[in-house]
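Worksheet: one structure, shown below.
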Amino acid sequence: MKKRLVVILLALSISVTSLSGCGNSNTSDTAVADYEPAVTEEYTTYDEAPAEAAASDSYKAGSEAAGSKSNAANSAKNFAVAPNATSDSYATEQEAVEEESLSAKWYDNTRSYRYEQKAKEDISNEKYTEIDENGFKDVSVSPLSTFAADVDTASYANMRRLVNEGYGLYDFPKGAVRTEELLNYFDYDYSSPGLGERFAVDAVVSDCPWNDESKLMILGINTKDLKRKDTPDSNIVFLVDVSGSMSRKNKLELFKEAMGLLTENLGENDRVSIVTYASGTDVVLEGVRGNETRKINRAFESLEASGSTNGEGGIEKAYEIAQENFIKGGNNRIILATDGDFNVGKTSGSELKEMISEKKETGVYLSVLGFGMGNYNDTTAETLADAGNGNYSYIDTIGEAKKVLVDEMTSTIYTVAKDTKFQVEFNPALVSEYRLLGYENRALADEDFKDDTKDGGELGAGHQVTVIYEIKLEGKGKTSGDLKYQDNVLSDKAAAKDEWCTLSIAYKDPDKDESKYLEYPIGVDNYVKNPSDDFIFATSVAEFSMALNDSEYLVDMTREEALKQAIKNVKKTDPDDDYRQEFLQLMQTVSRDDISIDIERPWYE
């Protein structure tokens, strides 16, 4: 009994001693500090996701497409990145977390946790320009289709971000999905320009998967690539938004990580400057040789976010620095990194557009890298890039940064054809109506094609442009009646019925102000009954975009059926390209159910 009493007293003594330590603030703080970062790290890591994540369908859809597109495979296939498990709805600092959810890991293979246990990021403050979808035009009245080239890809990466945030088929903001940018995100097996040629053009006509009364015509325009050793010297000014709105991890921190990839590809003849803007402007680095990698990276690492957003002042200073370090015959470019949220000085896209349009005449172009969510201004970012003769990309992951700034560096920053415009003239003997898919915000008046004062689009070395027309053949599905006051007489060439149309290209050399013109007739022999995997894939991308945008031209099916058909057809192509595989996973995530592919007869067989 004595022994039992001693044991009890000893136990009580130890318990009291332990409890007395709970009042020690140092011990308590240490315990919390040791615990909280572990939880925070699970939600914010970019590159240390557990291996289990690779097995999760919902997170496979957010992968950063480690690897390469078809014609840049070698350098990219060995670049492994983690699934894009991070979003700001998960990554807020010291966010209140319900006790029961602490046990659920972000990499759990449960879609319900991904989409239901946490609310989607609020995007009500994001700004997009609504799109009025192109409709059919009567060839007898409007035989010409004229528009500027566009090789931006921001809309695709932004779509991926929204899908990874849990946005489904009916949730996408109007204007967020631009068909041409989804199409041009991918590489296709187009012909390469021959010796002395600026462009190569491919054309295929085949059946339309969403309308039995239509055909689809895909035009593929490919520019000549440049080897890295043949690229001109670069004078690059990084204009970085370091205002308070850039403080989130997927904004300034992601930008700094991305710059570590780009600086490895600069040489001693390149010049690098860094200008920042917040409440004011600051020149962090000026005219440093491109091979001073450590110095450049240290400058990027020193950047911190705070204050308001004086974008106007930053743009003015960046152009000033670019002029001071101008390289004649070189690539002189400002790369603006921003979430597009300007609130000091000139703040609207239209005001800034006017200023940048004047500055580009100095030979300094401006490209935009968009970052972040919640307050993201897609409208302003796209407007500035278009006005500055540059490209617009959205960076949602470090994998996308590598794609834009490393794998596709030559096409991203080295212009080979400026003010590029396309004009397609359809043959009324074969085509009664046509509809251009996408490029709504690039439309030009027909007379602008030969007007050198009207802007076109810039194409970089190795850029590809994919254009899809939905066409109705003469005598099939024509909606307009005969003309009362006209009697169109076909030319001998039209009456011969050996050409669908003619593609004309207007472009300027980077250092010239006069356009050159090329013509490419598209013959009837370009029709195929069994199209290639590239054709099937591109039409599936377009169909997916139409489903997200609730297109009125999905004549033979609902948007749900269009999505399922696009998934089935991409599966049929057995995509071996990492980006195409990711696209398939994204569509499956949007669908949110298992789609069987046991179809007896695809539309293209």
Problem set entry | Intermediate values then yes/no, side chain to side chain contact (heavy atoms under 4.5 Å, CB included), F172 and M159 | CA-CA 8 Å; F172 281 77; M159 174 276 293; 3.8 Å; yes
Exercise. Have R333 and S367 got a donor and an acceptor in their side chains that come within less than 3.5 Å?
Worked result: yes
Exercise. Can you name the residues that form a salt bridge (charged side-chain N to carboxylate O under 4.0 Å, His left out) with K224, not counting sequence neighbours?
Worked result: none
Exercise. With sequence neighbours left out, which residue pairs that include part of residues 416-425 fulfil the salt bridge (Lys or Arg N to Asp or Glu O under 4.0 Å) condition?
Worked result: K418-D513, D419-K508
Exercise. Can a donor-acceptor pair be found between the side chains of N134 and Y439 at a distance below 3.5 Å?
Worked result: no
Exercise. Between T146 and Q423, do the side chains contain an N or O donor and an N or O acceptor separated by less than 3.5 Å?
Worked result: yes
For this session: Please lay out, stage by stage, how D282 and K317 fare under the test salt bridge (charged side-chain N to carboxylate O under 4.0 Å, His left out).
Result: CA-CA 9 Å; D282 186 28; K317 178 59 71 173; over 6 Å; no
Problem set entry | Sequence neighbours excluded - salt bridge (Lys or Arg N to Asp or Glu O under 4.0 Å) pairs with any residue from residues 284-297 | none
Exercise. What about the rings of Y517 and Y507, do their centers lie closer together than 6.0 Å?
Worked result: no
For this session: Could you tell me the separation between the CD1 atom of I131 and the CG atom of N549, rounded to the nearest 0.5 Å?
Result: 6.0 Å
Problem set entry | Ring centers of F583, Y185 separated by less than 6.0 Å | no
Exercise. Any luck finding a side-chain donor-acceptor pair between T412 and N391 under 3.5 Å?
Worked result: no
For this session: Would you tell me whether E181 and T153 have side-chain atoms, one donor and one acceptor, within less than 3.5 Å of each other?
Result: no
Exercise. Under 30°, 30 to 60°, or over 60°: which ring-plane class applies to Y376 and Y394, parallel, tilted or perpendicular?
Worked result: perpendicular
For this session: Would you mind checking if K127 and D378 are paired as a salt bridge, meaning a charged N to carboxylate O distance below 4.0 Å?
Result: no
For this session: Could you list the residues that satisfy salt bridge (charged side-chain N to carboxylate O under 4.0 Å, His left out) with K174, not counting sequence neighbours?
Result: none
Problem set entry | Pairing residues for D202 by the salt bridge (charged side-chain N to carboxylate O under 4.0 Å, His left out) criterion, not counting sequence neighbours | none
Exercise. Applying salt bridge (Lys or Arg N to Asp or Glu O under 4.0 Å), which residue pairs with at least one partner in residues 440-468 are found, sequence neighbours left out?
Worked result: D150-R442, D152-R442, K360-D455, D386-R442
Exercise. Which of parallel (below 30°), tilted (30 to 60°) and perpendicular (above 60°) describes Y188 and Y190?
Worked result: parallel
